[in-house]
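Computed over heavy atoms, backbone and side chain alike; hydrogens, waters and symmetry mates excluded. None of the values given here were measured: they were computed from a predicted structure.
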Amino acid sequence: MTGRTADPVLVEIVEGTLASVETEVETAIARTARSPMIRDAHDFRAGIHDARLRKLTGRSYSALVQPVVRDFPIGTMRPGDVFFHNDVYLSEGGIGHLPDLCVTVPVFHEGEVVAFVQAFGHHDDIGGAVPGSMPSHARSAFEEGLMVPPIRLWDEGVPNRAALTIMTRNSRMPDSLAGDLDAECSACLMGARRLGELFGRYGREAVEDCFDAIISKTTETFRRELLAKIPEGVHVWEDYAEHDGVDEPRLHTQRITLTVDHSADTPLTIDFTGTSAQAKGPINHAGDYAGGVFLKKWLAPILRNLADTPERMAELDVNEGVVPLIRMVFPEKGTLLTPIFPAPTNARTFVILRLLGVLAGVLAKATGGRMPADQETIRYTGVYGESDDGPYLMREVLGGGSGGRWYADGEDTIHVVPDSRNIPAEFAEARWPFRVERLGLAVDSGGPGEFRGGLGYDKHIRMLRDASFMSIADRSILSCWGVNGGRAGRPFQVTVDGVEMEGLVDDFPVRAGQVIRIRTTGGGGWGSPYDRPAGRVADDVRDGKVSFEGARDDYGVVLTGTLDDVVVDAEATARLRERLRKAPPAAFFDRGPGYPRLSGGLPHAEVDIV
């Protein structure tokens with residue numbers, strides 16, 4: 001902090017400019033990239049950081065600048081430089097798996113570095129044992145693809161052709177990789193020029209004072225509006241990944257002990273002690289670097305659910321201002337969150353997504369349920385094979401339903417990555433040898449509750465040629481848990497002509513004419529389903545979100561008629577609900593039927609559910 005007071009009008013101008021530059025960078029990437037994952041699914045994001053390596057923008061999480069500055073001191077950087085890395089263990093926790101490629105461009109003003117523009121995203125293929133660089137049964141990082149520590153990919157505006165040749169030679173999709181990297185480098189260079197103009201217009205001192213003000217505002221807003229709602233004390237919750245691709249399915253624990261002390265400079269302590277040992281398979285996440293600064297910014301959006309209104313929640317960005325509010329305590333090396341190189345990490349979403357739910361769960365316990373139920377909104381599915389144009393790879397990241405909230409139902413088919421989307425059926429059918437016969441909502445997938453969990457996708461793909469199916473997905477046994485009497489949602493499921501697949505699959509053969517049916521997860525419900533007004537249940541049936549049977553069995557609502565004319569039988573519903581309410585009340589957290597089938601959790605796990 002400089003001690004100077006920034007002009008409040010200029011703060012608004014600078015904040016708006018940062019958001020505009022970030023959006024312009026992302027728009028440029030989306031319009032010029034080559035791969036469906038980047039261009040169409042939009043599985044990438046940009047970020048802006050200052051010369052002190054602090055993240056200034058807060059619409060989305062992003063990688064870190066720390067590993068670049070560690071290996072290339074700021075004083076050695078020159079205009080036109082572009083730095084690149086994807087090495088998980090040398091990224092200071094900012095990169096989770098090798099397909100996430102990161103480019104970083106320094107911003108110059110009067111010959112000195114004053115900021116950084118960065119972009120990273122999930123690319124089609126960077127080598128490794130299987131197409132897509134996510135081998136579900138990997139036992140080592142060396143099976144997952146090409147590892148690149150921070151390098152200077154462009155030197156004063158001149159691309160390093162040797163490095164680009166090495167990377168594209170290792171990729172099964174070299175043209176897409178080259179096109180995506182060119183798009184990202186060019187977009188970040190453009191963003192750096194735009195940001196440089198801001199410094200040129202107002203001067204370094206004034207702009208950096210605004211950076212301080214933007215970050216300080218976030219710190220104070222989170223402390224005053226959000227953290228103040230969490231009672232002081234110690235709160236504990238844990239959840240599980242269900243398989244790692246190598247061992248038989250079992251509970252791989254992620255545990256958070258949350259200590260809240262409002263009088264402390266750092267009011268929140270998140271202690272991960274009790275997290276399971278690192279897995280043999282690829283579900284590990286290297287999070288214990290740079291003080292856990294990536295995980296702090298990754299987890300902090302959960303705190304926004306404590307805002308007074310949904311509208312206020314949407315206004316709150318997560319930038320570096322959240323970092324001083326959180327202290328992280330990591331277990332010793334050799335756990336899911338502190339893996340030892342070369343432990344594989346390509347399915348690390350099983351851990352970092354689950355941690356979002358664990359923090360939401362511990363806050364739900366602390367606040368009496370004023371948090372959403374659980375959700376699981378990333379899973380990778382796809383097919384690969386031969387078409388008339390040669391080898392192809394279709395990899396899609398499909399979302400799922402979010403959890404019911406204390407004031408509203410969950411959202412259907414969302415994705416944790418902002419602005420991401422499914423691949424349009426028309427585009428897919430024109431590019432790859434299959435037909436999309438259905439893309440809709442998975443009926444009854446949302447967890448029953450006073451506020452229903454959001455629904456997942458129901459997607460049917462008929463193959464026109466022989467191919468291989470792949471999947472990287474959790475929650476195929478365990479469900480997204482419900483809160484405060486709400487019930488769990490339906491788990492992820494894939495069938496090929498009726499044969500159910502496991503969640504982790506590399507190369508299941510699919511014959512021409514066979515149908516792959518993908519049902520993604522539904523979010524957990526919030527509150528007792530018997531408190532949901534019968535008319536709203538009837539609306540859900542009419543809208544195709546709940547079946548007649550689900551209305552009766554899950555909500556105690558008896559309906560007659562047809563989808564065009566749904567009628568509530570009020571007397572039968574009253575009798576049925578009266579009988580159902582006499583049953584023992586549901587647990588505060590409902591994990592669903594898959595939980596008892598697995599073993600390996602900590603002895604106190606069920607105690608903490610109560």
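- In this structure, L359 and V362 approach most closely via the heavy-atom pair O-CG1, 3.2 Å.
- Ion pairing between K297 and E320 holds under the 4.0 Å rule for side-chain N and carboxylate O.
- Atom CD of E502 has 12 or fewer neighbouring heavy atoms from other residues, nucleotides or ligands inside a 6.0 Å radius.
- Surrounding CZ of R70 are more than 12 heavy atoms belonging to other residues, nucleotides or ligands, all under 6.0 Å away.
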Check step by step if side-chain contact (heavy atoms from CB on, under 4.5 Å) holds for N319 and K217. CA-CA 10 Å; N319 57 33; K217 181 177 70 173; over 6 Å; no
Derivation and outcome, side-chain contact (heavy atoms from CB on, under 4.5 Å), residues R452 and Y555: CA-CA 10 Å; R452 174 182 43 73; Y555 293 91; 3.5 Å; yes
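- Note that OG1 of T349 is 5.0 Å distant from OH of Y380, once rounded to the nearest 0.5 Å.
- When all heavy atoms of P491 and L478 are compared, the closest pair comes out as CB-O, 3.7 Å.
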Report the C-alpha distance between R591 and D239 in whole Å, list the side-chain angles of each, state the deciding distance to 0.1 Å, and finish with yes or no for salt bridge (charged side-chain N to carboxylate O under 4.0 Å, His left out). CA-CA 10 Å; R591 292 189 183 272; D239 205 352; 3.0 Å; yes
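- In this structure, the side chain of N346 engages the main chain of P135 through a donor-acceptor pair within 3.5 Å.
- Not less than 6.0 angstrom separates the ring centroid of F350 from the ring centroid of H252.
- If you take OG on S445 and OH on Y457, they are separated by 12.0 Å, rounding to the nearest 0.5 Å.
- Formation of a donor-acceptor pair under 3.5 Å by the S471 side chain with backbone atoms of G503 is found in this model.
- Between the side chain of T335 and the backbone N or O of T338, at least one donor-acceptor pair lies under 3.5 Å.
- The pair D474-R379 does not count as a salt bridge, with every side-chain nitrogen at least 4.0 angstrom from each carboxylate oxygen.
- Here R475 pairs with D374 in a salt bridge; the nearest charged N to carboxylate O distance falls below 4.0 Å.
- Here the side chains of W406 and V483 are not in contact, with every heavy-atom distance at 4.5 Å or above.
- Between P344 and A138, the closest heavy-atom pair is CG-O, 3.4 Å.
- When side chains are defined from C-beta on, V234 does not count as touching L258, because their heavy atoms never get closer than 4.5 Å.
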Report the C-alpha distance between T521 and E376 in whole Å, list the side-chain angles of each, state the deciding distance to 0.1 Å, and finish with yes or no for side chain to side chain donor-acceptor pair (under 3.5 Å). CA-CA 7 Å; T521 51; E376 174 66 85; over 6 Å; no
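- A donor-acceptor pair shorter than 3.5 Å cannot be found between the side chains of Y240 and E242.
- Residue E315 places its CD atom among more than 12 non-hydrogen atoms of other residues, nucleotides or ligands, all under 6.0 Å distant.
- Residues V397 and M37 are in side-chain contact: their nearest non-hydrogen atoms beyond the backbone lie under 4.5 Å apart.
- To the nearest 0.5 Å, atom CZ of residue F451 and atom CG of residue N484 are 10.5 Å apart.
- More than 12 heavy atoms of other residues, nucleotides or ligands lie within 6.0 Å of NZ in K229, so this atom counts as buried by the packing criterion.
- Of the possible polar contacts, one joining the N86 side chain to the L98 backbone as a donor-acceptor pair under 3.5 Å is found.
- No side-chain heavy atom of V88 sits under 4.5 Å from any side-chain heavy atom of R348.
- In this structure a side-chain-to-backbone donor-acceptor pair under 3.5 Å is missing from R304 to L226.
- Aromatic ring orientation, H97 versus H122: perpendicular (interplanar angle above 60°, classes split at 30° and 60°).
- The backbone N or O of K365 sits nowhere less than 3.5 Å from a side-chain atom of W237 that would complete a donor-acceptor pair.
- We find the CZ-CG distance between R255 and L336 to be 14.5 Å, quoted to the nearest 0.5 Å.
- A donor-acceptor contact shorter than 3.5 Å is absent between the side chain of D271 and the backbone of T257.
- Separation of atoms OG1 (T269) and CG (L325) is listed at 11.5 Å; rounding is to 0.5 Å.
- Checking side-chain atoms of R354 against main-chain N and O of T253 turns up no donor-acceptor pair under 3.5 Å.
- A donor-acceptor pair under 3.5 Å is absent between the side-chain atoms of Q118 and the main chain of H49, judged by distance alone.
- Between the side chains of D506 and S136, at least one donor N or O sits under 3.5 Å from an acceptor N or O.
- Between V318 and T218 there is no side-chain heavy-atom pair separated by less than 4.5 Å.
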Take R487 and D590 through the salt bridge (charged side-chain N to carboxylate O under 4.0 Å, His left out) test and state the conclusion after the steps. CA-CA 6 Å; R487 304 296 171 80; D590 174 42; 5.0 Å; no
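- Applying side chain to side chain contact (heavy atoms under 4.5 Å, CB included) to F294 and the options K55, E92, H285 leaves one that passes, H285.
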Please step through salt bridge (charged side-chain N to carboxylate O under 4.0 Å, His left out) for the pair R536 and E450, ending with a clear verdict. CA-CA 10 Å; R536 294 194 65 185; E450 180 182 359; over 6 Å; no
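- Judged by distance alone, with hydrogens and angles left aside, the side-chain atoms of W481 form no donor-acceptor pair with the main-chain N or O of G357 at under 3.5 Å.
- With contacts defined as side-chain heavy-atom distances shorter than 4.5 Å, the pair L268/I230 qualifies.
- Here the side chains of E549 and D444 are not in contact, with every heavy-atom distance at 4.5 Å or above.
- In this structure, the separation between CG on L398 and OG1 on T381 is 4.5 Å, given to the nearest 0.5 Å.
- Among the candidates K545, R490, R517, the single residue satisfying the salt bridge (charged side-chain N to carboxylate O under 4.0 Å, His left out) test with D458 is R517.
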Check against salt bridge (charged side-chain N to carboxylate O under 4.0 Å, His left out), D554 and R552: CA-CA 6 Å; D554 295 332; R552 181 192 64 229; over 6 Å; no
Applying side-chain contact (heavy atoms from CB on, under 4.5 Å) to R532 and Y530, what does each step give before you reach the verdict? CA-CA 6 Å; R532 187 171 180 85; Y530 310 136; over 6 Å; no
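- Taking the side chain as every heavy atom from C-beta outward, E26 and H42 approach each other to under 4.5 Å.
- D531 has a carboxylate O that lies under 4.0 Å from a charged side-chain N of R581, or vice versa, which qualifies the two as a salt bridge.
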Go through T275 and F330 one step at a time and tell me if the side-chain contact (heavy atoms from CB on, under 4.5 Å) criterion holds. CA-CA 9 Å; T275 294; F330 290 93; over 6 Å; no
